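Take a look at the structure set out below.
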Amino acid sequence: MKISALDLKRQIAPIRQEIDAAIKGVIDNTSFILGAQVEKFEQHIAQYSGAKYAIGVSNGTDALALALMALGIKAGDGVICPTFTYYATAGAVASIGARPVFADIDRDTYNISIESVEKILTKKNKLKIKAIIPVHLYGQCADMDGILKLSRKYKLKVIEDAAQSFGAEYRGRKAGTLGDCGAVSFYPGKNLGAFGDAGLILTNNKAVAEKLKILRNQGNENKYYHLVLGRNNRMDTIQAVVLDVKLKYLDAWNKRRLEIAQYYNKNLAGVAIKTPFVPSYTTHIYHQYTLRAFKSNKKFMDYLQEKGIDSRVFYPMPLHLQICFKYLGYKRGDFPEAEKAAGQILTLPIDPELSRKELDYIVQTVKEYMHG
Ligand SMILES: *Cc1c(COP(=O)(O)O)cnc(C)c1O
């Protein structure tokens with residue numbers, strides 16, 4: 001059997017006609033960037049998420065960078081983020097000249113550790129820390145009460161990296177709507193994926209929303225009159241209409257992901273591996289279903305791959321050990337939880353389109369490996 005982590009062909013087939021018609025509409029209109037259809041999509045996202053404003057942009061990385069800019073983060077400012085995340089979280093910080101300040105993760109949730117953040121903030125340093133980016137990793141929310149409490153005490157801006165968690169809820173509120181801004185990615189492999197790159201920023205602050213609209217579009221409010229130094233980070237109209245069609249199915253897809261996760265949890269009980277831990281404050285949309293085997297993940301992943309199961313490690317190297325961030329001066333041992341997790345975790349496929357037969361095969365193969 002061959003089981004891929006995500007089979008977009010299976011996802012798209014049943015909604016193909018709807019999507020084709022939407023794309024044809026854009027071509028007929030020849031309005032390819034921003035415009036009325038992007039605004040309509042932004043409204044639908046605002047309604048869905050409960051945020052007052054939604055600003056469509058080029059991708060999730062730019063969403064993070066623009067949010068930092070709109071909130072007044074400047075070159076040389078320190079921005080706390082977890083070391084155990086996708087590169088773009090810290091990459092966006094560095095892209096505006098600010099300095100990523102890494103924190104360790106919680107052992108059970110793999111999200112940013114409040115204790116680790118507190119340690120950074122109470123230590124005397126010259127880091128000029130102005131903001132924090134909690135990442136809602138794998139599809140569940142970080143401890144936002146802990147984050148927001150520290151942000152009030154230390155006057156930090158909060159940008160949620162909701163790239164993997166759009167649709168998840170923290171105490172009944174949607175991920176990305178609790179901080180000053182929330183950054184969303186519509187990379188094709190995300191739970192709500194475009195047909196190319198796209199992203200979006202959520203905010204409840206009108207002034208910030210207005211700034212973001214200017215910043216994403218070359219800093220001009222009226223064409224050819226530039227208020228500030230902006231960027232070309234606009235959303236393509238074709239992506240907006242594709243996403244607008246897919247948004248209607250997002251909750252059903254996420255529900256199916258949850259059912260698959262529950263199936264794995266149930267059928268892997270009694271096997272010596274740790275299934276995902278979900279704290280009571282958050283729901284989980286299972287962008288990834290991540291196991292922990294308490295031994296090297298490399299051999300385990302290779303075994304699953306050999307059996308045709310597309311298992312991955314997100315992420316094999318924490319950011320503080322990446323060559324590109326060497327200039328920040330971190331070393332091995334600085335963030336033990338992240339370093340340990342990177343060597344022990346791996347994913348099982350959690351495509352909403354997976355069949356019962358495929359799930360049984362995956363469970364059986366995991367058991368085979370664990371029981372030798
Ligand atoms: C996908 C992702 C991003 C970046 O989004 P892009 O749309 O690919 O630029 C940022 N942070 C996290 C945690 C992600 O998973």
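What you see is a predicted model; the values in this text were computed from it and never measured. Starting from 1, each residue takes its place in the sequence as its number.
The number of heavy atoms from other shown groups lying within 6.0 Å of OH (Y187) does not exceed 12. Residue-environment remark: NZ (K307) stays at or below the threshold of 12 foreign heavy atoms within 6.0 Å. Residue Y327 qualifies as enclosed at atom OH: its count of foreign heavy atoms under 6.0 Å is above 12. By the neighbour-count criterion of 12 heavy atoms within 6.0 Å, atom NZ of K248 is densely surrounded, having more than that number from other residues, nucleotides or ligands.
Neither side chain, R257 nor Y289, offers a donor N or O lying under 3.5 Å from an acceptor on the other.
When the side chains of ILVMFWY residues are joined at heavy-atom separations under 4.5 Å, either directly or via intervening members, I273 and V363 end up in a single hydrophobic cluster. I285 and L6 are members of different hydrophobic clusters when ILVMFWY side chains are connected at heavy-atom separations under 4.5 Å. Residues I120 and M144 are members of one and the same hydrophobic cluster, defined by side-chain heavy-atom contacts under 4.5 angstrom among Ile, Leu, Val, Met, Phe, Trp and Tyr. A single hydrophobic cluster is seen to contain both Y264 and V313, as judged by linkage of ILVMFWY side chains at heavy-atom distances under 4.5 Å, directly or through other members. In the hydrophobic clustering of ILVMFWY residues, with side-chain heavy atoms under 4.5 Å counting as a link, V93 and L328 come out apart.
The line from CD1 of I201 to CG of L212 is 4.5 Å long, rounded to the nearest 0.5 Å. The NZ atom of K124 sits 10.5 Å away from atom NZ of K126, with the distance rounded to the nearest 0.5 Å. In this structure, CE in M301 is found 9.0 Å from CZ in R312, a value given to the nearest 0.5 Å. Put simply, OG1 on T203 and CD1 on I55 are 6.5 Å apart, with the number rounded to the nearest 0.5 Å. One finds the CG atom of D143 at 9.5 Å from the OG atom of S113 (value rounded to the nearest 0.5 Å). Remark: N222 CG to I214 CD1 distance equals 9.0 Å, nearest 0.5 Å.
With hydrogens and angles ignored, the 3.5 Å screen pairs a side-chain donor or acceptor of Q140 with a backbone N or O of F277. Counting only distance, with no hydrogens or angles, the side chain of D310 and the backbone of A5 share a donor-acceptor pair below 3.5 Å. No donor-acceptor distance shorter than 3.5 angstrom exists from the side chain of Q288 to the backbone of T347, with no hydrogens or angles considered. In this structure, N297 contributes its side chain and L346 its backbone to no donor-acceptor pair below 3.5 Å. Looking only at distances, a side-chain donor or acceptor of N111 sits under 3.5 Å from a matching main-chain atom of L137. For R99 (side chain) and G78 (main-chain N/O), no donor-acceptor pair under 3.5 Å exists by modelled atom type. The closest donor-acceptor contact from the side chain of D236 to the backbone of Q239 lies at 3.5 Å or more, if one exists at all. Looking at N29, its side chain never comes within 3.5 Å of a backbone N or O of S31 through a donor-acceptor pair. Checking side-chain atoms of E339 against main-chain N and O of G333 turns up a donor-acceptor pair under 3.5 Å. With hydrogens and angles ignored, the 3.5 Å screen pairs a side-chain donor or acceptor of T365 with a backbone N or O of Y361.
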Exercise. Please walk me through it: do I80 and L121 pass side chain to side chain contact (heavy atoms under 4.5 Å, CB included)?
Worked result: CA-CA 9 Å; I80 296 176; L121 290 168; 3.9 Å; yes
For this session: Take K149 and D145 through the test salt bridge (charged side-chain N to carboxylate O under 4.0 Å, His left out) and record every step on the way to the result.
Result: CA-CA 6 Å; K149 198 168 150 209; D145 282 336; over 6 Å; no
Problem set entry | Step-by-step salt bridge (charged side-chain N to carboxylate O under 4.0 Å, His left out) determination, K299 to D302 | CA-CA 5 Å; K299 268 212 231 132; D302 289 348; over 6 Å; no
Problem set entry | N191 and N254: CA distance, side-chain angles, deciding distance, side-chain hydrogen bond (donor to acceptor under 3.5 Å, both in side chains) verdict | CA-CA 7 Å; N191 290 25; N254 285 346; 2.9 Å; yes
Exercise. Does the side-chain hydrogen bond (donor to acceptor under 3.5 Å, both in side chains) test come out yes or no for D161 and T89, once each step is laid out?
Worked result: CA-CA 7 Å; D161 183 338; T89 310; 2.8 Å; yes
For this session: Give the C-alpha distance, both sets of side-chain angles, the deciding distance and a yes or no for side-chain hydrogen bond (donor to acceptor under 3.5 Å, both in side chains) between K274 and Q344.
Result: CA-CA 10 Å; K274 183 169 161 161; Q344 296 185 342; over 6 Å; no
For this session: Check the pair V366 / F300 against side chain to side chain contact (heavy atoms under 4.5 Å, CB included), numbers first and verdict last.
Result: CA-CA 9 Å; V366 168; F300 195 174; 4.0 Å; yes
For this session: Quick one: do L34 and T237 satisfy side chain to side chain contact (heavy atoms under 4.5 Å, CB included)? Show the steps, please.
Result: CA-CA 6 Å; L34 297 178; T237 316; 5.7 Å; no
Exercise. Could you walk me through whether D106 and T109 pass the side-chain hydrogen bond (donor to acceptor under 3.5 Å, both in side chains) check?
Worked result: CA-CA 6 Å; D106 175 79; T109 64; 3.2 Å; yes
For this session: Output, in order, the C-alpha distance, side-chain angles, deciding distance and verdict of salt bridge (charged side-chain N to carboxylate O under 4.0 Å, His left out) for E210 and K52.
Result: CA-CA 12 Å; E210 277 164 8; K52 283 207 181 106; over 6 Å; no
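Taking the ring axis of Y48 as reference, the NZ or CZ atom of K174 stays within 45° of it and closer than 6.0 Å to the ring centre.
When ring centroids are compared, Y281 and Y170 come within the 6.0 Å threshold. Taking the six-membered ring wherever Trp is involved, the centroid distance between the rings of Y286 and Y138 does not fall below 6.0 Å. Between F84 and F102, a ring centre-to-centre spacing not shorter than 6.0 Å is recorded. For Y87 and Y315, the ring centers sit 6.0 Å or farther from each other.
Closest non-hydrogen pair, I159 versus A67, comes out as CG2-CB, 4.0 Å. The minimum heavy-atom distance linking I112 with C81 is given by the pair CD1-C, 4.0 Å. Here the shortest heavy-atom pairing between G60 and A183 reads O-CB, 4.4 Å. Among all heavy-atom pairs drawn from L202 and G176, the shortest one is CB-O, 3.5 Å. Nearest heavy-atom pair, A175 versus H136, reported as atom, atom and distance to 0.1 Å: CB-CD2, 3.9 Å.
Under a 4.0 Å N-O distance rule, the pair E259/K255 qualifies as a salt bridge. With salt bridges taken as basic N to acidic carboxylate O contacts below 4.0 Å, none links D351 and R256. Salt bridge absent: K24 and E18 never bring a charged side-chain N and a carboxylate O closer than 4.0 Å. With salt bridges taken as basic N to acidic carboxylate O contacts below 4.0 Å, one links D20 and R16. In summary, K213 and E221 do not engage in a salt bridge, as defined by a charged side-chain N under 4.0 Å from a carboxylate O.
Below 30°, between 30° and 60°, or above 60°: for F166 and F186 the angle between ring planes is above 60°, a perpendicular geometry.
Put simply, the residue from I133, N59, V135 that forms a side-chain contact (heavy atoms from CB on, under 4.5 Å) with L64 is I133.
Shown here are the salt bridge (Lys or Arg N to Asp or Glu O under 4.0 Å) partners of K74, two or more places apart in sequence or in another chain: there are none.
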